[in-house]
Amino acid sequence: MPENFSKSTALAFSASFTDSESRFEWAGNNAHALEYSPDPDRLDLLPEKVIPILRTGIPVRYHTRYFEYEMGHADKHEAQLSLQVHMETLKKIQGLGEPVVTVHVGLSPHLPVNNDHIVENLSRLVEFGQKLGITICLENQRKGHGSNPYNILKWATASGAMITLDLGHAMGCAMVMNQEISVVQMMDLFNSRIFEAHIYGLEDESGHHPILDMDPVKPLIDRLLQTDCRWWTIELHDPEDAMSTRNLIEDYLKYSHDLI
């Protein structure tokens, strides 16, 4: 057994404010843990979505997929407004579930960004999170500025943020596709900053797809086991896809590592 691995590692499902009540009910019946993406324009609705899940004993973390609220926006005013929305999110989630939130910069390719604004506002968010006891994790992207792992590491290091490693984004980003870096090398680069992982088969223009063949994923799982990352989100919307992918991962951990 890898010395860093703990059997308390969570294999979480994902959910969003756009999901139906029936899907939340399904999550409550089937999830081991949940990562929730709130509505940035209706943060007042966050508790009523999350509290019923928490009452079932399922741990919850957060994921701010705020496409129109870019903290690194080239327009300083827009960047400040976006930072404020993220800060308001931290206030709302404080005391509700796990004190961890995954954030993004450069999420929307059509929004221009400024490197100084990224570092400044991400640093301010990390500092604000520390005051509330909340850990901020920066997610790597498949496209755009956040698809370059060296950018992600630079921004995370400068701001004090941890990293959410999205394996689907990593596998599909230009630098990996062009063989300038491998996903395992990217994981080595991020190393001790990896605080959370998003796991699924791959991402393309049509969205996220389940794991159908474990062979390409096994080296990534093995490397992830060597980190301190204890929360792995199966980031798939379709319930059958989420369940089948979790089963494949659990089977691999059980029969190859004797961990489940």
>> Quick one, Leu138 with Phe190, criterion side chain to side chain contact (heavy atoms under 4.5 Å, CB included). Give me CA distance, side-chain angles, the key distance, then yes/no.
In response: CA-CA 11 Å; Leu138 179 63; Phe190 294 161; over 6 Å; no
> Which atom pair, heavy atoms only, marks the closest approach of Met186 to Ala170?
Replying inline: SD-CB, 3.7 Å
>> Tell me if a side-chain donor or acceptor on Glu70 pairs with a main-chain N or O of Gly72 at a distance below 3.5 Å.
In response: yes
>> Counting C-beta onward and ignoring hydrogens, is there a side-chain heavy-atom pair between Leu165 and His198 closer than 4.5 Å?
In response: no
> Do Gln141 and Glu203 have side chains that get closer than 4.5 Å, going by heavy atoms?
Replying inline: no
> Does CZ belonging to Arg23 count more than 12 external heavy atoms closer than 6.0 Å?
Replying inline: yes
>> Does atom CD (Glu25) have a neighbourhood of more than 12 heavy atoms from anything else shown, all under 6.0 Å?
In response: no
> Which pair of heavy atoms, one from Leu34 and one from Ser14, lies closest together, and at what distance?
Replying inline: CD1-C, 4.1 Å
> Run the side chain to side chain contact (heavy atoms under 4.5 Å, CB included) check on Ile211 and Ile234 step by step: do they pass?
Replying inline: CA-CA 10 Å; Ile211 295 175; Ile234 313 300; over 6 Å; no
> Rounded to the nearest 0.5 Å, what separation is found between the CG atom of Leu43 and the NZ atom of Lys91?
Replying inline: 11.0 Å
> Within a strict 4.5 Å, meaning less than it, do heavy atoms of the Thr135 and Gln130 side chains meet?
Replying inline: no
> Any donor and acceptor pair, going by atom type alone, linking the side chain of Asn178 with main-chain N or O of Ala174 inside 3.5 Å?
Replying inline: yes
>> Please check this pair: side chain of Gln84 against backbone of Leu81, looking for a donor-acceptor N/O pair closer than 3.5 Å.
In response: no
> Would Asp19 and His237 satisfy side-chain hydrogen bond (donor to acceptor under 3.5 Å, both in side chains), going step by step from the backbone distance to the final call?
Replying inline: CA-CA 9 Å; Asp19 288 334; His237 184 266; 2.7 Å; yes
> Which pair of heavy atoms, one from Asp238 and one from Asp241, lies closest together, and at what distance?
Replying inline: OD2-N, 3.0 Å
Taking distance alone, no hydrogens or angles, what donor-acceptor pairs closer than 3.5 Å link side-chain atoms of residues 99-113 to residues at least two apart or in another chain?
residue: Thr102; atom: OG1; partner: Thr164; partner atom: OG1; Å: 2.7
residue: His104; atom: ND1; partner: Thr64; partner atom: O; Å: 3.0
residue: His104; atom: NE2; partner: His63; partner atom: NE2; Å: 3.2
residue: His104; atom: NE2; partner: Glu139; partner atom: OE1; Å: 2.8
residue: Ser108; atom: OG; partner: Phe67; partner atom: O; Å: 2.6

>> Could you check whether any side-chain N or O of Thr56 sits under 3.5 Å from a backbone N or O of Ile53, counting only pairs where one atom can act as donor and the other as acceptor?
In response: yes
>> According to a hydrophobic-cluster definition based on side-chain heavy atoms being under 4.5 Å apart (Ile, Leu, Val, Met, Phe, Trp, Tyr only), do Val60 and Phe195 belong together?
In response: no
>> Given 3.5 Å as the limit, does a donor-acceptor pair link the side chain of Arg142 with the main chain of Gly168, or not?
In response: no
>> Quick check against the 3.5 Å criterion: does Thr245 have a side-chain atom that pairs as donor or acceptor with the backbone of Ala242?
In response: no
>> Please determine whether residues Met171 and Leu212 belong to a single hydrophobic cluster, defined as Ile, Leu, Val, Met, Phe, Trp and Tyr linked transitively by side-chain heavy-atom distances below 4.5 Å.
In response: no
> Between Trp232 and Met162, is there a shared hydrophobic cluster once you connect ILVMFWY residues whose side-chain heavy atoms come closer than 4.5 Å?
Replying inline: no
> Do you know which two heavy atoms are closest between Leu125 and Leu90, and how far apart they sit?
Replying inline: CD1-CD1, 3.7 Å
>> Which heavy atom of Ile194 sits nearest to which heavy atom of Cys229, and what is that distance?
In response: O-CB, 3.8 Å
>> Hydrophobic cluster membership, with links at side-chain heavy-atom distances under 4.5 Å among I/L/V/M/F/W/Y: are Leu45 and Ile51 in one?
In response: no
>> Testing His117, Met71, Glu127, His86 one by one against Leu122 for a side-chain contact (heavy atoms from CB on, under 4.5 Å), which residue passes?
In response: Met71
> Any side-chain heavy atom of Glu250 sitting closer than 4.5 Å to one from His32?
Replying inline: yes
>> Please determine whether side-chain hydrogen bond (donor to acceptor under 3.5 Å, both in side chains) holds for the pair Asp222 and Tyr252, giving the CA-CA distance in whole Å, both sets of side-chain angles, and the decisive distance to 0.1 Å.
In response: CA-CA 10 Å; Asp222 292 343; Tyr252 179 66; 2.8 Å; yes
>> Let's go through Trp231 and Thr233 carefully: what are the C-alpha distance in whole Å and the side-chain angles of both, what is the deciding distance for side-chain hydrogen bond (donor to acceptor under 3.5 Å, both in side chains) to 0.1 Å, and is it a yes or a no?
In response: CA-CA 6 Å; Trp231 184 285; Thr233 299; 3.0 Å; yes
>> Could you check whether any side-chain N or O of Asn140 sits under 3.5 Å from a backbone N or O of Ser147, counting only pairs where one atom can act as donor and the other as acceptor?
In response: no
> Which pair of non-hydrogen atoms, one from Ile181 and one from Pro149, has the smallest distance, and what is that distance?
Replying inline: CD1-CG, 4.2 Å
> Is the shortest side-chain N to carboxylate O distance from Lys92 to Asp44 below 4.0 Å?
Replying inline: no
> Taking atom CG of Asp251 and atom CE of Met214, what is their separation to the nearest 0.5 Å?
Replying inline: 9.0 Å
> Can you tell me how far NZ of Lys49 sits from OH of Tyr36, rounded to the nearest 0.5 angstrom?
Replying inline: 5.5 Å
> Rounded to the nearest 0.5 Å, what separation is found between the CD1 atom of Ile221 and the CD1 atom of Ile249?
Replying inline: 5.0 Å
> Out of curiosity, does Leu236 fall in the hydrophobic cluster containing Leu202 (side-chain heavy atoms, cut-off under 4.5 Å, transitive links)?
Replying inline: no
> Under the side chain to side chain contact (heavy atoms under 4.5 Å, CB included) criterion, do Asn115 and Trp155 qualify, and how do the steps go?
Replying inline: CA-CA 9 Å; Asn115 186 74; Trp155 296 332; 2.7 Å; yes
> Do Asp166 and Glu235 have side-chain heavy atoms sitting under 4.5 Å apart?
Replying inline: yes
> Rounded to the nearest 0.5 Å, how far does CE of Met187 lie from CG of Leu220?
Replying inline: 6.0 Å
> Quick one: ring-ring contact (aromatic ring centres under 6.0 Å, His included) partners of Phe13, sequence neighbours excluded?
Replying inline: Trp26
>> Let's go through Arg42 and Glu48 carefully: what are the C-alpha distance in whole Å and the side-chain angles of both, what is the deciding distance for salt bridge (charged side-chain N to carboxylate O under 4.0 Å, His left out) to 0.1 Å, and is it a yes or a no?
In response: CA-CA 11 Å; Arg42 292 299 309 273; Glu48 69 181 56; over 6 Å; no
>> Using the ring-ring contact (aromatic ring centres under 6.0 Å, His included) criterion, which residues pair with Tyr200? Sequence neighbours excluded.
In response: His208
> Can you find a pair of side-chain heavy atoms, one from Val50 and one from Tyr62, that are under 4.5 Å apart?
Replying inline: yes
>> Under a 3.5 Å distance rule, please check whether Asn151 uses its side chain to pair with a backbone N or O of Gly146 as donor and acceptor.
In response: no
> CD/Gln80 to CG/Asp75 distance, rounded to the nearest 0.5 angstrom?
Replying inline: 10.0 Å
> For Ile118, does its backbone N or O pair with a side-chain atom of Asn121 as donor and acceptor, under 3.5 Å?
Replying inline: no
> Side chains of His209 and Asp204: is there a donor and an acceptor less than 3.5 Å apart?
Replying inline: yes
> Between Asp39 and Tyr66, is any side-chain donor less than 3.5 angstrom from a side-chain acceptor?
Replying inline: no
>> When you measure from the side chain of Thr227 to the backbone of Leu224, do you find a donor-acceptor pair of N or O atoms at a distance under 3.5 Å?
In response: yes
> How about Asn30 and Pro239: do any of their side-chain heavy atoms sit closer than 4.5 Å?
Replying inline: no
